2 protein chains.
Amino acid sequence: MALLKKPVTGMKDILPREMEIRNYVMDLVRETYGHFGFTQIETPCVEHIENLCSNQGGENEKLIFKIMKRGEKLDIANAKDSSDLSDSGLRYDLTLPLSRYYANHSSELPSPFKALQMGSVFRADRPQKGRFRQFMQCDIDILGDGTSLAEIELVSATTTLLSKLGFKDFTVRISDRRFLKGIASCCGFDESSWDTVFIILDKMDKIGSDGVKDELLKSGFDAAAVDKCMELFRESNGDSAAVLSMKEALGEHLAEGTAESIISIIDSVNASKAGQFNIKFDPTLVRGMSYYTGTIFEIEIAEFGSSIAGGGRYDGMIGRFTGNDVPACGFSIGFERIITMMLDADFKVPSKSDKIAFLVDKKMTSEGLVDVMKQAAELRSEGKTVLVTQMMKNKKFQKDNLEKDGYSDIRDFYNK
Amino acid sequence: MALLKKPVTGMKDILPREMEIRNYVMDLVRETYGHFGFTQIETPCVEHIENLCSNQGGENEKLIFKIMKRGEKLDIANAKDSSDLSDSGLRYDLTLPLSRYYANHSSELPSPFKALQMGSVFRADRPQKGRFRQFMQCDIDILGDGTSLAEIELVSATTTLLSKLGFKDFTVRISDRRFLKGIASCCGFDESSWDTVFIILDKMDKIGSDGVKDELLKSGFDAAAVDKCMELFRESNGDSAAVLSMKEALGEHLAEGTAESIISIIDSVNASKAGQFNIKFDPTLVRGMSYYTGTIFEIEIAEFGSSIAGGGRYDGMIGRFTGNDVPACGFSIGFERIITMMLDADFKVPSKSDKIAFLVDKKMTSEGLVDVMKQAAELRSEGKTVLVTQMMKNKKFQKDNLEKDGYSDIRDFYNK
């Protein structure tokens, strides 16, 4: 029986041109974040099922690829459901594995610890254009720093990277989960219903403020509370004055220091920014993950109309492994989206060395080959790229393609 | 309930120091193989179970991590065994996925195609020191070239890489599966028993020639045939004369061109070599994988007494996807073993930029932070690494550790 040529559903093979762009971006990520003192680490692709299903990842948990138990542990006859058959699964993000990693290794790591991760994550999503079941995530996180310095560094590093990648005029939207809580409290929503309220508020981008209002009312929330909420929860002009006016409106419902922290982040980022972008306070920012506890941020590029990076503070997650909370804050760029944009824009990766191709006739003698290899070795020792390859029957076709790949010097080798 | 801090059994978290060495080696791999005209590609970590269980991977197939089917496809009540519950699994090597990839994309790739792959593979092996269930493989392959040029390029590129990594005085052992077949045929072993004979011969390293002889006899093979086999199957001095003398001994039992191909490879590699190493013909080389069809090679470093790279020709594998055989040959370095050796030797990765650390007092005001961030931004724009981080209570401890990490310039920042 013939084997299957296509990749498994929803996953993709990466062709040379895309791989070149991916490597270029990954190098730039490592270099840029390296200059900010982030050090790279890695965790396994496979995680304990208990950790993956720990009810912190929201919708993502439904999308876990589960790995079957092996040998005697696999007891199909007595299995009630899939949870009896699996004790591990593929990671669906890098935040949970990082928290486990830090809990396991904190004594061997600096404090605070600035981590860079680039790795594949896996989600059994419905396949659709541009969304894959295995994709790269690229995260920076600062663990062990509860001050705004963490947010400032994360935003500065990410915006510097995006600027180096050629992005301009993007907007960093910043808020704090504690504003949302303040709004919910101020409007009189019952605390048990806050998560529901936030999920509806998060739909602003998709259904607009009228849609959000309708959905809140349909969900049975009090009309006066909904009106007040809609008034508070509106996009502001995003400057420090707007933060202070929100603070005043919320009064005692807002946790102390929330407004000052946002203002400090905005001021420091603006004062030291490397690139053309805006940073603004936006109280309509919600972000899906239930694990966020403080600052949240997202970067949007107007011309693409979509978010290209996002993150926030999640001070409670590491404590789920150790019993002791550790402040933590992270920022993730949309690596795959960036690659897609660069492919669409036909981005050319600058070549690092001269590229020479040696086309060798199939009938070349052993002595002839020795001579070819000597010449190639000499050029390679000078740092040049030398592709030594068999000559195709259709040499013109082969040469045209090599030229497209940047081989400007193409030499033929026949028996003398 | 507290979550699990340790990685899953047999897999490992990669700490910053190891990651730095891994990145250094990966960069050198990309650069060196790039100079030989190899282009990097990637395939998904997940493969069709039909492909993984296609009986070409020998022992590896038993070690597959199987992924559970999802939704309605998962029918536990009617499942007879694990094969009813899984339609995909984690790849256990990069050769099978590459063959699938080439079968799927050959029209978009140059011919011959020189591929570089670096990626994680997964094997549910019994965990033991230095052997992990997720580990990196690093392979180069040339697809579509049936001439010895493929072998010459693969050996040249791999030996150049090992030399750049600082390895000296290693030995490339080279043979051809067709010598083994010639020996088996010449001795009169029945063709149906050849695989059994080869599996026993492959134990030479472990049980010596007396052990091999005993096992062949115990397996019921004819004593005269075994004697003749042991005489032919002995390590030679490895030069061209040895190849020719083996050719003469095997006569018509050896496929035409086998000896000449080995001699041509040895001559060309020797003539163009960049580094201190030997290449020699060794008819005792077997290599486990059943998919090899021609040349096989292995690199040994005497002082470590173990193989550090291996590969060979597998002209039949791509045809299992397409129905049309495509010549293929590959060489894989033992990435994890190399990393372990470098860690043991306390290898220091050369730093690319000045490293400066800013230690910021926790009580720093917003205005103070603005000033710190401005100074950091200026130094970073000059290409320097600036770690801006919160000052620890035990500043001396923090500074000592930063110095160990290469931060020679450490500055304190307090409110003025």
Side-chain angles (χ1 to χ4, degrees), chain A residues 3-8 11 13-14 16 19 35 37 39-44 46 48 50-51 54 65-68 70 74 76 79 82 86 88 100-101 103-104 110 112 124 134 145 147 149 153 264 267-268 271-272 274 320-321 360 362 366 369-370 373-374 377 380 385 387-390 401, chain B residues 3-8 11 13-14 16 19 35 37 39-44 46 48 50-51 54 65-68 70 74 76 79 82 86 88 100-101 103-104 110 112 124 134 145 147 149 153 264 267-268 271-272 274 320-321 360 362 366 369-370 373-374 377 380 385 387-390 401:
Chain A
L3 302 178
L4 302 169
K5 290 202 293 190
K6 300 273 171 203
V8 295
M11 299 197 183
D13 291 329
I14 298 174
M19 196 67 215
H35 282 165
T39 49
Q40 199 175 348
I41 62 131
E42 262 182 29
T43 64
V46 181
H48 301 287
E50 294 91 328
N51 294 355
S54 65
F65 283 104
K66 293 183 177 171
I67 295 173
M68 264 200 290
R70 306 174 47 76
L74 184 72
I76 299 173
S82 66
S86 169
S88 65
R100 182 192 56 66
Y101 177 100
N104 193 26
Q134 172 178 349
D145 186 349
T147 73
L149 180 56
E153 279 286 274
S264 171
D267 286 350
S268 273
S272 59
R320 303 200 65 213
F321 291 91
V360 182
K362 211 172 182 171
S366 286
L369 270 182
V370 165
M373 294 308 298
K374 272 188 188 168
R380 284 167 178 158
T385 295
L387 173 79
V388 181
T389 194
Q390 215 191 94
N401 280 306
Chain B
L3 302 178
L4 302 168
K5 288 201 294 190
K6 300 273 172 203
V8 295
M11 298 197 185
D13 290 330
I14 297 174
M19 197 67 215
H35 282 166
T39 49
Q40 198 175 349
I41 63 132
E42 262 183 31
T43 64
V46 181
H48 302 286
E50 295 91 329
N51 293 355
S54 66
F65 282 105
K66 292 182 179 174
I67 295 173
M68 262 199 289
R70 305 175 47 75
L74 184 72
I76 299 173
S82 68
S86 168
S88 65
R100 182 193 56 66
Y101 177 99
N104 193 24
Q134 172 178 346
D145 186 349
T147 73
L149 179 55
E153 279 286 274
S264 172
D267 286 350
S268 273
S272 59
R320 302 199 67 215
F321 290 91
V360 182
K362 212 173 183 171
S366 287
L369 270 182
V370 165
M373 293 308 297
K374 273 189 189 169
R380 285 167 178 161
T385 294
L387 173 79
V388 182
T389 194
Q390 217 191 95
N401 280 305

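In what follows, chains carry the letters A, B, and so on, assigned in the order in which the sequence lines appear, proteins first and then strands, with residues in each chain numbered from 1. All values reported here derive from a predicted model rather than from experimental measurement.
- Chain A forms more heavy-atom pairs under 4.5 Å with one residue of Val388(B), Leu369(B), Ile67(B) than with any other, namely Val388(B).
- Within the 4.5 Å cutoff, the side chain of Asp145(A) has no heavy atoms near those of the Thr389(B) side chain.
- Contact count versus chain B (heavy atoms, under 4.5 Å) is highest, among Glu153(A), Arg380(A), Arg70(A), Met19(A), for Arg380(A).
- For Gln134(A), the part lying under 4.5 angstrom from a heavy atom of chain B is the side chain only.
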Using the side-chain contact (heavy atoms from CB on, under 4.5 Å) rule, take Thr147(A) and Lys362(B) through it: C-alpha gap first, then chi angles, then the decisive distance, then the call. CA-CA 7 Å; Thr147(A) 73; Lys362(B) 212 173 183 171; 3.9 Å; yes

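- Annotation: side chain of Ile41(B) is not in contact with side chain of Ile14(A) (no heavy-atom distance under 4.5 Å).
- Of the possible donor and acceptor atoms, one in the side chain of Asn51(B) sits under 3.5 Å from a partner among the backbone N and O of Leu4(A).
- Residue contact with chain A, scored on non-hydrogen atoms closer than 4.5 Å, is absent for Ala274(B).
- When every heavy atom of Pro7(B) is checked against every heavy atom of Asn104(A), the shortest pair comes out as CD-ND2, 3.6 Å.
- Tyr101(B) pairs by the ring-ring contact (aromatic ring centres under 6.0 Å, His included) definition with His105(B), not counting sequence neighbours.
- Annotation: side-chain contact (heavy atoms from CB on, under 4.5 Å) contacts of Ser82(B) (sequence neighbours excluded): Met68(A), Leu74(A), Lys66(B).
- How far OG of Ser366(B) is from CG of Asp267(A): 6.5 Å, rounded to the nearest 0.5 Å.
- With a threshold of 4.5 angstrom between heavy atoms, Glu42(B) approaches chain A through its backbone and through its side chain.
- His48(B) places none of its side-chain heavy atoms less than 4.5 Å from the side chain of Leu3(A).
- Per-residue counts of heavy-atom pairs under 4.5 Å with chain B were compared for Gly37(A), Pro44(A), Ala271(A), Ala377(A); the largest is that of Pro44(A).
- Looking at Ala103(A), both its backbone and its side chain come within 4.5 Å of chain B, counting heavy atoms on both sides.
- Of the listed residues Val360(A), Leu149(A), Thr43(A), Asn401(A), the one with more heavy-atom pairs under 4.5 angstrom with chain B than any other is Leu149(A).
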